[in-house]
Amino acid sequence: MATRSLLLVFLSAWLLLLLLLLQAVSSLQLTRSDFPDGFVFGAATAAYQYEGAAAEDGRSPSIWDTYTNSGRHPEEGNGDVACDGYHKYMDDVKLMSEMGLEAYRFTISWSRLIPSGRGAVNPKGLQFYNSMINELVKAGIQIHVALYHLDLPQSLQDEYDGWISPRIVDDFTAYADVCFREFGDRVAQWTTVLEPNALAQHGYDKGDLPPNRCSYPFGSNCTGGNSTVEPYLFVHHSLLAHASAVRLYREKYQAAHKGIIGINMYSIWYYPFTDSAEDVGATENAKAYMILHPLVFGEYPEAMKKAAGSRLPFFSSHESELVTDSFDFIGLNHYTSNYASSNSDVVKSPLQDVTADIAALFRDPQGLEHVLEYIREKYGNFLIYIQENGQGGTDGSMDDVERIECLAEYIAATLKAIRNGANVRGYSIWSFMDLYELFGGYYKSHYGLVAVDFGSTKRRRRPRRSASWYSDFLKNNAVVKVEDGFASAASHAQL
Ligand SMILES: *[C@@H]1O[C@H](CO)[C@@H](O)[C@H](O)[C@H]1NC(C)=O
Ligand SMILES: *[C@@H]1O[C@H](CO)[C@@H](O)[C@H](O)[C@H]1NC(C)=O
């Protein structure tokens, strides 16, 4: 009797294990309606990469115009015409509407709205954004706006070196004030600055993005700069400018407009290259450079203090107070995971190739789950929007099955994270359409759900297969199947 029941217990334990295993290898199925109330799915673009009309209707050059026209990457062209969104936004909103997009994130070109950087507002700029916003309202698409993405008015760069001067704080706040005042009644979500942590490295350390500042031996071909100091100044003033704009929004606009406001960080999940204590330490260091710590605790994390020492600016008590809790949500741009090592020869710095090339190399949806869990454990369970995720393809194929797989996996990872308690309320694809990419221009990397024919003056748009897939998911609640047990940390060979 006793042995028989023991055997039974033994067998049922095996049965249970088998069931669990079966579940683990089975595919995950999900639909749009599995996501919580209030969750929004969208797609994104950014001003310089989309609008074109660079010298039209009073817009003045930004540091990005200057950079692309410097002859550094002649093969990449420039954003003079881009998608010609300045003239085609009506058609584009129609496309979004047909696709069933619930939210659209665009950025405002500061130098189109306020051509001198401060002072007079350009009525044509106002008219453009108002008109586009009104189209979106009519289409019932939620409006998400980012104020800054790499396109500082050149005049402010010339006048005081832009973001590395504390003078940026007042000018940015005044610019934000114009945006809140003019557009805020229709904007659901404001993001102040996009991925300042990544732009610090590229704009001020390596110098391979505007404003092209760096110093030997960290970068080359820069017109000026100091790679050991300026990235920190950029981040510092970005945080202060952000916090100042948030305070203004909260004091003057939020009660009436009922929008939310936050900042965006570029997030990578890091695995230690080996399990040595040094590599584990390097991993923690790398994660600290997501720079969420000051927003929660009003000071830089120990890891940054230790690494940068006196090169790291510090917050006065007044500034610390300003920065602490200066967000309603955190936006994350997330594309990939990487390895961190204490030996910099072993692993390429992941931020070196911030965009697609590397994302295509290391697709790791579980990394997104890890990031969300890390944030929750380390900083708290605040509101998060995945503001950019996607896949760059090099051939621009219309039959972009790989992109569909990638998006499906990351959307599934988002749902899993939510079920594990993450407070995520939105997911947005980079990019709504092909555009002038940060690295590579028009032809080397395509991220768009919609293809754009950059060879023709008409810039004809053609939705890719991924666009109909997304549409089916959003409008028809189509079932998305994802093989469970997705890739994950995989082997080092993947590097
Ligand atoms: C720097 O400029 C020189 C001359 O234009 C060019 O040959 C070289 O490839 C550039 N280096 C980098 C890292 O861009
Ligand atoms: C960068 O700035 C630091 C601190 O002011 C200074 O010690 C260093 O020499 C500068 N480096 C360059 C390349 O100018």
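Start at 1 and go down the list; that is how both ligands and their atoms are numbered.
- When hydrogens are left out, the protein atom nearest atom 9 (O) of ligand 2 is Asn226 ND2, 4.9 Å; that is the closest non-hydrogen contact.
- Below 3.5 Å of separation, one finds no N or O of Ser215 facing any N or O of ligand 2.
- Side-chain atoms of Lys444 do not come within 3.5 Å of backbone N or O of Gly441 as any donor-acceptor pair.
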| request: Show your reasoning for whether side-chain hydrogen bond (donor to acceptor under 3.5 Å, both in side chains) applies to Ser155 and Asp158. | output: CA-CA 5 Å; Ser155 56; Asp158 295 341; over 6 Å; no

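- A donor-acceptor pair shorter than 3.5 Å can be found between the side chains of Gln387 and Thr191.
- Distance remark: protein heavy atom present below 4.0 angstrom from atom 11 (N) of ligand 2.
- Crowding of Glu56 atom CD: a count of heavy atoms from other residues, nucleotides or ligands under 6.0 Å exceeding 12.
- For atom 14 (O) of ligand 2, a protein heavy-atom neighbour is found at a distance under 4.0 Å.
- Using a 4.0 Å threshold on non-hydrogen atoms, atom 2 (O) of ligand 2 counts as touching the protein.
- Counting only heavy atoms of the protein, atom 4 (C) of ligand 2 lies nearest to Val229 CG2, 3.9 Å.
- Arg72 and Asn212 form a side-chain donor-acceptor contact under 3.5 Å, judged by distance and modelled atom types alone.
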